[in-house]
Amino acid sequence: MSKRAAGDASSAPQKASRTASGQAREKPAEDEMGEFEDAWEDEIEDEAAAERDGMEVDDEVMPPIEESDEKPQAPRTFIPGVHTLGKDEVLEPDDSVYLMRHAMHTTWPCLSFDVLRDDDGDQRQRFPASAYILAGTQADTAKNNELAVFKLTQLHKTQHAGESDDSDADDDDDDDDGALDEDAVLEHRAVPHFGGVNRVRAAPLPAGQPLPPPAQPYYAATWADTGKVHIWDVRPQLHALATPGAAVDKARAGAPRHTVAAHGRAEGFALAWAGAPGAGLRLLSGDTHAKIFLTTAAPAGFSTQGAPFGAHTASVEDLQWSPGEPTVFASCSADRSVRVWDVRSRARVDVAGVERAHASDVNVISWNRSTAYLLLSGGDEGALKVWDLRNVKKRGTAAPDPTPVASFGWHRAPITSVEWHPTEDSIFAAAGADDQVTLWDLAVEQDDEEAGGAMDETPEGARDVPPQLLFVHQGQRDVKEVHWHPQIPGAVISTALDGFNIFKTISV
């Protein structure tokens, strides 16, 4: 991110620089063809001079134009935690490091969302791109909330400075208009949702396979601030957006298929669908009273088990199913612990865990889909930690807590979201209450030969930037969640109080 004087801000994204206020433009170069002699030039100049005679010029109203040889300052990279914005300075994105960047706004904040699979194919690289997401609102009153499926289209490739529309003419992989900086289009189909949506999660679908027919359900779950967990069929909204002229089947979409009332009046945020092969359709929900309930699907419909899982001593903040073992899941809590469970345990307690995983509340976790023994956690103190689950201690043993295989203290505020890359086992994304979305790669190591080279060109403190930190995305206010798009490699979507961002960087 670059920073510049606020007086130089413009509505169009551009590479920023901090310049002196009121700096004059440079004088254009003279025409190399020389001067053209006009036979009537002297006569016209004399007439113009005569017209000006007797007219006084007020220097206060029309000050003389002063030329300056001072060059504008070059853009500076803004490093959070190292630099601070000065008075009248604003952050402006450097679009040279984005392959795609779009911002979209909604009527009400949508502070939780999930990415929906579509039939547009996997490993999509062409522009303009499109995406479908599911989100719930936080409206002014409970009755004004909605559960909405959004369709994002016209996601054009970012056109960098110096590029022309013809620069990609010889590139067969790009569309003719793939590099146009046009506004993205945001459409949606929504159904009423009583109460604000604390969290929303869509049931996982097999990668590489087409969506089920429109007559079959595509389930999603919402955690409402009313203390209820609802299960919905969002296939009608998705079908209506993907098919021109189609309408939402309100008989299917207008009401939840199932409501989990076992939490009573306890509110919650933790929500997770099982995704391991052979796991079936299972949903976990955790509340602020430290209870976790399991809901399963059967031919007759959904049912919630009456006995909760309980071992935490404070609010359950997040849940994740194992990507490889259909009966195993992990949880994190405000009691600072990370725990591993097996639903076959009759005692309904955890089987292993880390008692003091963070110095404060553990807000979020993510289970690595490619390397199943790696678990990522984010804490209220701003720390990001990676755990090797082969080293966690079993319940009832006196062994000390394991040491994380990686730990980063870059963020300066609570971590609000973490997620491993869907295919690259060393890459993850994180979001924090410090308005940063960060991309990391554990495979990157400090090069001793290069250390002190490029780093020395940045101001003091830059040596504290971890080499594993690939990218910092800023510009949103109160960032809550971040997700990778599983069908567009490298595409990241984030949501905040002021709307959605979708971007793709040169780093991933």
In Å and rounded to the nearest 0.5 Å, what is the [atom1] to [atom2] distance from [X] to [Y]?
X	Y	atom1	atom2	result
R412	E381	CZ	CD	13.0 Å
L147	R189	CG	CZ	14.5 Å
R336	D361	CZ	CG	7.5 Å
I493	L155	CD1	CG	8.5 Å
S112	K480	OG	NZ	11.0 Å
D119	H239	CG	NE2	11.0 Å

Hey, are [Y] and [X] close enough side-chain-wise for a donor-acceptor pair under 3.5 Å?
X	Y	answer
H193	N145	no
S345	D342	no
D95	T158	no
Q237	R252	no
S315	D287	no
S331	W341	yes
T106	H188	no
E325	T327	no
H230	T222	no
H312	S337	yes
D425	S370	no
W223	S285	no

- Task: Return yes when atom NZ of K228 has more than 12 non-hydrogen atoms of other residues, nucleotides or ligands closer than 6.0 Å, and no otherwise.
- Result: yes
Mind checking whether [X] and [Y] have side chains closer than 4.5 Å, heavy atoms only?
X	Y	result
S407	V386	no
F500	I502	no
E445	P467	no
N368	L375	no
T304	H258	yes
V115	Y132	no
P466	W410	yes
L91	L85	yes

Show the atom names and distances, to 0.1 Å, of all donor-acceptor pairs under 3.5 Å that link a side chain in residues 264-275 to residues at least two apart or in another chain.
unit_1: E267; atom_1: OE2; unit_2: N198; atom_2: ND2; d: 2.8
unit_1: W273; atom_1: NE1; unit_2: R201; atom_2: O; d: 3.0

- Query: Salt bridge between D335 and R356, side-chain N to carboxylate O under 4.0 Å?
  - Reply: no
- Under 4.0 Å between a Lys/Arg side-chain N and an Asp/Glu carboxylate O for K393 and D401? yes
- Just say parallel, tilted or perpendicular for the rings of F471 and H473, cut-offs at 30° and 60°. parallel
- Take the angle between the ring planes of F428 and W440 and call it parallel below 30°, perpendicular above 60°, tilted in between. parallel
- Go through E481 and R199 one step at a time and tell me if the salt bridge (Lys or Arg N to Asp or Glu O under 4.0 Å) criterion holds. CA-CA 10 Å; E481 282 191 7; R199 190 156 293 176; 3.8 Å; yes
- How far apart are the C-alpha atoms of I415 and L384, what are their side-chain angles, what is the distance that settles it, and do they pass the side-chain contact (heavy atoms from CB on, under 4.5 Å) test? CA-CA 8 Å; I415 302 298; L384 295 163; 3.9 Å; yes
- Worked verdict on F302 versus T296 for side-chain contact (heavy atoms from CB on, under 4.5 Å): CA-CA 6 Å; F302 291 92; T296 59; over 6 Å; no
If I compare all heavy atoms of [X] with all of [Y], which pair ends up nearest, and what's the gap?
X	Y	answer
A203	L281	CB-CD1, 4.0 Å
Q138	L111	OE1-N, 3.0 Å
K385	A357	NZ-O, 2.9 Å
H483	F113	NE2-O, 3.0 Å
S494	V479	CB-CG1, 4.5 Å
G195	T226	CA-CG2, 4.0 Å

Does [X] use its side chain to pair, donor to acceptor, with the backbone of [Y] at less than 3.5 Å?
X	Y	answer
Q320	W367	yes
E419	W484	yes
D380	S360	no
S333	A314	yes
H485	Q487	yes
D318	I365	yes
Y219	V234	no
Q436	A431	no
S322	G324	yes
D225	G196	yes

Between [X] and [Y], ring centroids under 6.0 Å:
X	Y	value
F127	H156	no
F329	F309	yes
H102	F503	no

- Report the C-alpha distance between E355 and R339 in whole Å, list the side-chain angles of each, state the deciding distance to 0.1 Å, and finish with yes or no for salt bridge (Lys or Arg N to Asp or Glu O under 4.0 Å). CA-CA 8 Å; E355 291 294 334; R339 301 182 185 276; 3.3 Å; yes
- Should D350 and K394 be marked as a salt bridge (Lys or Arg N to Asp or Glu O under 4.0 Å) after you check the CA-CA gap, both sets of side-chain angles, and the distance that decides it? CA-CA 9 Å; D350 61 307; K394 295 182 178 180; over 6 Å; no
- Note on the structure: Checking K151, R124, R235 against D118 for salt bridge (Lys or Arg N to Asp or Glu O under 4.0 Å), the one that qualifies is R124
- Query: Where do R257 and D233 land on the salt bridge (Lys or Arg N to Asp or Glu O under 4.0 Å) test, with the steps shown first?
  - Reply: CA-CA 7 Å; R257 289 293 188 92; D233 180 7; 3.4 Å; yes
